Amino acid sequence: MYLSKEYKADIFAEFAGSATNTGSAEGQVALFTKRIAHLTEHLKKNRKDFGTQLSLQKLVGKRRALLAYLYKNDIERYRAIIKALGLRDIIKQ
């Protein structure tokens with residue numbers, strides 16, 4: 001599996017501060033970003049996989065909602081995570 005327990009623990013340790021802090025918004029955004037990258041590569045090879053396309057759209061929506069939550073509650077954490085992951089600033093003022 002492309003997201004093993006160890007790989008997920010590394011992601012959460014890097015972005016959430018602890019491998020066991022799986023509920024933090026930063027950790028979830030980082031995990032969603034890795035999954036989005038994986039599904040995007042899959043869809044480049046399998047253009048007609050509409051189930052994966054729907055899953056990708058849902059993941060992007062979840063990530064966007066978490067980023068909006070971070071933007072609303074703690075702008076510094078939001079800026080740190082988009083800089084660390086290399087994401088665009090998607091929140092419109």
Side-chain angles (χ1 to χ4, degrees):
M1 186 174 166
Y2 73 99
L3 286 175
S4 65
K5 281 185 177 183
E6 296 81 18
Y7 186 67
K8 286 182 185 180
D10 290 341
I11 290 172
F12 285 117
E14 182 180 351
F15 292 101
S18 167
T20 59
N21 189 7
T22 59
S24 73
E26 292 93 342
Q28 290 294 317
V29 168
L31 184 64
F32 288 164
T33 301
K34 301 292 183 184
R35 289 177 63 193
I36 287 169
H38 180 264
L39 291 178
T40 302
E41 289 302 315
H42 172 77
L43 282 173
K44 285 179 182 177
K45 296 179 221 162
N46 304 288
R47 294 182 189 272
K48 294 188 178 184
D49 188 353
F50 300 115
T52 301
Q53 186 176 3
L54 179 63
S55 298
L56 177 64
Q57 290 172 344
K58 286 183 179 182
L59 271 178
V60 169
K62 285 182 180 182
R63 182 179 71 179
R64 184 178 171 90
L66 277 173
L67 287 172
Y69 167 80
L70 276 176
Y71 183 83
K72 185 174 74 171
N73 291 321
D74 192 352
I75 191 77
E76 294 305 318
R77 286 172 53 196
Y78 169 79
R79 288 182 180 145
I81 194 68
I82 63 169
K83 185 176 182 182
L85 294 173
L87 299 174
R88 288 185 293 149
D89 189 6
I90 58 170
I91 306 298
K92 305 290 186 222
Q93 280 85 7

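Note that this is a predicted model, so its numbers are computed, not measured.
- Taking the side-chain hydrogen bond (donor to acceptor under 3.5 Å, both in side chains) definition, one finds that T40 meets it with nothing, sequence neighbours left out.
- The salt bridge (Lys or Arg N to Asp or Glu O under 4.0 Å) test applied to E76 returns R79, not counting sequence neighbours.
- Side-chain contact of Y78 with D89: a donor-acceptor pair under 3.5 Å is present, judged by distance alone.
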In residues 30-37, what donor-acceptor pairs under 3.5 Å come from side-chain atoms, sequence neighbours left out?
unit_1: T33; atom_1: OG1; unit_2: V29; atom_2: O; d: 2.7
unit_1: T33; atom_1: OG1; unit_2: R63; atom_2: NH1; d: 3.3

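- Looking at residues two or more places apart in sequence or on another chain, you find no side-chain hydrogen bond (donor to acceptor under 3.5 Å, both in side chains) involving Q28.
- Summarising the geometry, atom OG belonging to S24 is positioned 5.0 Å from atom CD belonging to E26; distances are rounded to the nearest 0.5 Å.
- Judged as a salt bridge (Lys or Arg N to Asp or Glu O under 4.0 Å), and not counting sequence neighbours, the contacts of E41 are K44.
- Partners of E14 under the side-chain contact (heavy atoms from CB on, under 4.5 Å) rule, at least two apart in sequence or in another chain, do not exist in this structure.
- Residues forming a ring pair (Phe, Tyr, Trp, His ring centres under 6.0 Å) with H38 (at least two apart in sequence, or on another chain): Y2.
- Every residue two or more places apart in sequence or in another chain that forms a side-chain contact (heavy atoms from CB on, under 4.5 Å) with A13 is listed here: A19.
- Scanning for side-chain contact (heavy atoms from CB on, under 4.5 Å) contacts around D10 gives an empty result, with sequence neighbours left out.
- Shown here are the salt bridge (Lys or Arg N to Asp or Glu O under 4.0 Å) partners of K45, two or more places apart in sequence or in another chain: there are none.
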Verdict with supporting geometry, L67 and I81, side-chain contact (heavy atoms from CB on, under 4.5 Å): CA-CA 9 Å; L67 287 172; I81 194 68; 4.0 Å; yes

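- Not counting sequence neighbours, the partners of D49 by the side-chain hydrogen bond (donor to acceptor under 3.5 Å, both in side chains) test are H42, T52.
- Evaluation of the ring-ring contact (aromatic ring centres under 6.0 Å, His included) test over residues 3-22, restricted to residues two or more places apart or in two chains, returns none.
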